[in-house]
Amino acid sequence: MRNRLLNAAERLLVKQGVDAIRLDAVAAEAKVSKGGLLYHFPSKQALVQGVVERLVDRFEAALPGPEAPAGAYTRAWLDASIPAEAPEGEATPSDSVPVALLAAANGPEVLDILQSRYRAWQRRLDDDGLPPGVATLVRMAVDGWWTARLLGLADPKGEDHRALRRLVTGLIDAGAADEHGTRPSAETAPADRPGAARETESR
């Protein structure tokens, strides 16, 4: 029953936004009595906390552990947030549940859940084996991109989406290569790679 209620709350979030999370509306969406909802979630804040906690747990489950190779955690952050292809049509619960907006709109106790998880995630990003700042730059880019997609703020579509994703992926790959000294040499690098000619001249 608890998951049924949380599923109903997520559907309302996607269809109508954060203001739709009202106890009577969630009960109706889940097709249960309001009393049945209150048995599991005695207040709106408890319901919202349950939604936020489940969403961040779901996101965290997609991220690798500390034994992963360099850059794997940062790449997983990208993969868990931005699909390989720009989705068409309406957002779905698995795609664009506005967890940050939900947390921010429901007071400091709820927002603290998300903030504490972000602090832990950031520490893991800092230890992902990339040059200083690279993982954070990727996170900020991905989080901003995700927000633009969620709110329809001129987010890239089609080939623009794919090209931007390749650019972010390339930043991760280059950072992992730099940290392990495996950056392509001038002899094997494409002639049009920035700096290739200068590297050849300096050898």
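Computation of the quantities below employed the complete heavy-atom set of this structure, encompassing side-chain atoms and omitting hydrogens, waters and symmetry-equivalent molecules.
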Flag yes if L167 and L137 sit in one hydrophobic cluster, no otherwise; membership is Ile, Leu, Val, Met, Phe, Trp, Tyr, and two members link when side-chain heavy atoms are under 4.5 Å apart.
yes
Does the side chain of L23 come within less than 4.5 Å of F41's, by heavy atoms?
no
Hydrophobic cluster membership, with links at side-chain heavy-atom distances under 4.5 Å among I/L/V/M/F/W/Y: are V142 and V56 in one?
yes
Test: E53 and R117 ion pair at under 4.0 Å
no
Minimum heavy-atom distance A46-P42, with the two atoms named:
CB-CD, 4.0 Å
Test side chain to side chain contact (heavy atoms under 4.5 Å, CB included) on E10 and L55 and set out the steps.
CA-CA 9 Å; E10 285 189 25; L55 289 172; 3.5 Å; yes
Can you find a heavy atom in the side chain of T136 that is under 4.5 Å from one in the side chain of L125?
no
Can you see which heavy atom on A76 is nearest to which on P64, and at what distance?
CB-CD, 3.4 Å
Same cluster or not: are L6 and Y39 linked, directly or through other Ile, Leu, Val, Met, Phe, Trp or Tyr residues, by side-chain heavy atoms under 4.5 angstrom apart?
no
Check whether any side-chain heavy atom of W77 lies under 4.5 Å from a side-chain heavy atom of D143, and answer yes or no.
yes
Rounded to the nearest 0.5 Å, what separation is found between the CG atom of L153 and the CG atom of D155?
7.5 Å
Got a donor-acceptor contact below 3.5 angstrom from the R162 side chain to the A86 backbone?
no
Heavy atoms of G71 and L130 approach each other most closely as CA-CD2, 3.8 Å
Between A20 and A25, which heavy-atom pair has the shortest distance, and what is it?
O-CB, 3.8 Å
Pair L13, V51 - check side chain to side chain contact (heavy atoms under 4.5 Å, CB included), show working.
CA-CA 10 Å; L13 270 172; V51 172; 4.0 Å; yes
Is the closest side-chain heavy-atom distance between R54 and N3 below 4.5 Å?
yes
Reported CZ-to-CD distance for the pair R139 and Q122, which is rounded to 0.5 angstrom
4.5 Å
Minimum side-chain heavy-atom gap V134-T74 below 4.5 Å
no
If you measure from the Lys or Arg side-chain nitrogens to the Asp or Glu carboxylate oxygens, is any gap between K15 and E29 under 4.0 Å?
yes
To the nearest 0.5 Å, what is the distance between CZ (F59) and CG (L114)?
10.0 Å
Do any N or O atoms from the side chain of D112 and from the backbone of P108 form a donor-acceptor pair under 3.5 angstrom?
no
Kindly assign one of parallel, tilted or perpendicular to the pair Y118 and W121, based on the angle between their ring planes and the thresholds 30° and 60°.
perpendicular
Which atom of A70 lies closest to which atom of G129, heavy atoms considered:
CB-O, 3.8 Å
Interatomic distance, CD@E159 vs CD@E85, rounded to 0.5 Å, equals 8.5 Å
Counting N and O atoms only, with roles assigned by atom type, does the side chain of S81 sit under 3.5 Å from a partner on the main chain of L78, one being a donor and the other an acceptor?
no
Between the side chain of R165 and the main-chain N/O of I82, is any donor-acceptor distance below 3.5 Å?
yes
Salt-bridge contact R75-D173 (side-chain N to carboxylate O under 4.0 Å):
yes
Are any of the side-chain nitrogens in D126 or R124 under 4.0 Å away from the carboxylate oxygens of its partner?
no
Pairwise distance CG(L37) to CZ(R2) - rounded to 0.5 angstrom
10.5 Å
Quick check for you: to the nearest 0.5 Å, what is the distance between M1 atom CE and H40 atom NE2?
5.5 Å
For the residue pair L5 and G36, what are the closest heavy atoms and their distance?
CD1-O, 4.5 Å
